[in-house]
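In what follows, chains carry the letters A, B, and so on, assigned in the order in which the sequence lines appear, proteins first and then strands, with residues in each chain numbered from 1.
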Number of protein chains: 2
Amino acid sequence: MPFVDNIGFLMSRASGQLVRATNAALADEGLRVRQYSVLALVCESAQGESQRDLAEVLGLDPSQVVALVDDLDRAGLVERRPSPADRRTKLVVPTDRGRAVRERAAERADARLTDALGALTAAEQETLRALLARVVDLDVTPRVSP
Amino acid sequence: MPFVDNIGFLMSRASGQLVRATNAALADEGLRVRQYSVLALVCESAQGESQRDLAEVLGLDPSQVVALVDDLDRAGLVERRPSPADRRTKLVVPTDRGRAVRERAAERADARLTDALGALTAAEQETLRALLARVVDLDVTPRVSP
DNA sequence: TATTGTTATACTCTATAACTATA
DNA sequence: TATAGTTATAGAGTATAACAATA
């Protein structure tokens with residue numbers, strides 16, 4: 001099989017395309033996709049997310065999350081709040097402005113993403129999504145003590 | 001739809017997983033996936049590939065290809081040869097050692113890739129590959145004068 | 001005038017190690 | 001002793017701009 005049909009190569013190129021398209025869509029809101037992913041997650045959370053949990057879900061090193069939260073904090077989109085349960089932990093919560101920006105950003109990003117996936121029908125996009133979800137295997141083991 | 005189901009996010013995570021797995025597989029041969037992709041392409045080519053064509057197929061900037069070919073050249077895996085047709089163009093061709101290394105590297109990389117895609121059946125992997133190919137749209141316009 | 005390869009530069013992303021404060 | 005957050009650093013990847021040789 002020719003190299004250009006290699007599934008890893010195709011995945012890498014496709015991912016790059018989607019990231020570039022999303023970054024372009026988010027530029028108007030002053031965001032990049034990694035910052036946006038943190039903002040989106042904390043906007044979906046009820047009481048805020050610890051940086052450790054953000055790192056796990058996003059597949060990033062905790063030290064990277066620090067920088068991303070710093071960016072969002074500086075932009076006034078999120079805040080760090082002390083966790084009532086554990087004084088080591090900081091819960092990242094969105095500000096009102098953060099929620100508003102997230103909503104606009106989501107619309108723009110989704111529109112561009114749909115565009116970038118225009119070669120596929122809606123059903124095919126759904127198939128692709130399901131297959132990717134199984135490759136990634138986000139089944140985070142429930143956090144019970146071992 | 002929760003952010004973790006976003007197709008762009010899933011693609012990015014999946015791509016990262018595959019790249020890491022492939023890089024780990026290639027480490028024994030002293031290669032990384034980007035260098036390997038150049039080596040694989042020139043090994044498949046009859047008379048060698050120009051750096052411009054490599055850049056187009058790989059979706060890279062020509063200046064990045066210079067560095068990758070430099071790496072492979074330094075390792076004795078490829079050579080730059082003058083094109084008989086155009087003195088600006090250099091054709092990148094594999095050395096005998098380059099071909100041998102490429103063969104071993106391909107085996108290792110493919111094995112690891114299959115492993116990383118273990119959650120999917122062979123048929124599902126093929127479906128995924130076909131969908132990705134359409135997203136990427138490698139249909140390079142035939143190089144006829146406009 | 002346009003294209004191929006090249007150099008240079010800057011920024012983003014990824015990967016580790018080590019430190020602090022808490023548990 | 002282990003975990004959450006943080007700082008620091010280095011390397012890899014991405015993105016542009018400009019230049020020489022050639023078409």
Exercise. Under 4.0 Å between a side-chain N or O of A:Arg87 and OP1 or OP2 of D:dT3?
Worked result: no
Seminar exercise, completed: Residue pair A:Arg34/B:Gln51 against DNA chain C: nearer the 5' end by closest nucleotide is B:Gln51
Exercise. Taking atom C1' of D:dG13 as reference, at what distance in whole Å does atom CZ of A:Arg20 sit?
Worked result: 11 Å
Exercise. In whole angstroms, how far is the P atom of C:dC13 from the CZ atom of B:Phe9?
Worked result: 15 Å
Exercise. Which of the following nucleotides, C:dT12, C:dT6, D:dT6, is nearest to the side chain of B:Arg80?
Worked result: C:dT6
Seminar exercise, completed: Only residue of B:Leu132, B:Leu128, B:Val135, B:Leu131 satisfying side chain to side chain contact (heavy atoms under 4.5 Å, CB included) with A:Leu10 is B:Leu132
Throw together a table of side-chain donor-acceptor distances under 3.5 angstrom for residues 107-124 of chain A, partners on residues two or more places apart or in other chains.
from     : atom 1 : to       : atom 2 : distance (Å)
A:Arg108 : NH1    : A:Asp28  : OD2    : 2.6
A:Thr114 : OG1    : A:Asp110 : O      : 2.9
A:Thr121 : OG1    : A:Glu124 : N      : 3.1
A:Thr121 : OG1    : A:Glu124 : OE1    : 3.4
A:Glu124 : OE1    : A:Thr121 : N      : 2.8
A:Glu124 : OE1    : B:Arg134 : NH1    : 3.4
A:Glu124 : OE1    : B:Arg134 : NH2    : 3.0
A:Glu124 : OE2    : B:Arg134 : NH1    : 2.9

Exercise. Thinking salt bridges, do A:Arg52 and A:Asp86 make one under a 4.0 Å N-O criterion?
Worked result: no
For this session: Could you please name the option among C:dT6, D:dT3, C:dT3 that lies closest to any side-chain atom of B:Arg88?
Result: C:dT3
Exercise. Hey, which of these two, A:Asp61 or A:Val19, hits DNA chain C nearer its 5' end, going by closest nucleotide?
Worked result: A:Val19
For this session: Name the nucleic acid region contacted by A:Ser63, choosing base, sugar-phosphate or nothing; use a 4.0 angstrom heavy-atom cut-off, strictly under.
Result: base
Exercise. From the list C:dG5, C:dT7, D:dT14, which nucleotide is the closest neighbour of the side chain of B:Gln64?
Worked result: D:dT14
For this session: With heavy atoms under 4.0 Å as the rule, sort A:Ser50 into base, sugar-phosphate or nothing.
Result: sugar-phosphate
Exercise. Thinking salt bridges, do B:Arg99 and B:Glu103 make one under a 4.0 Å N-O criterion?
Worked result: no
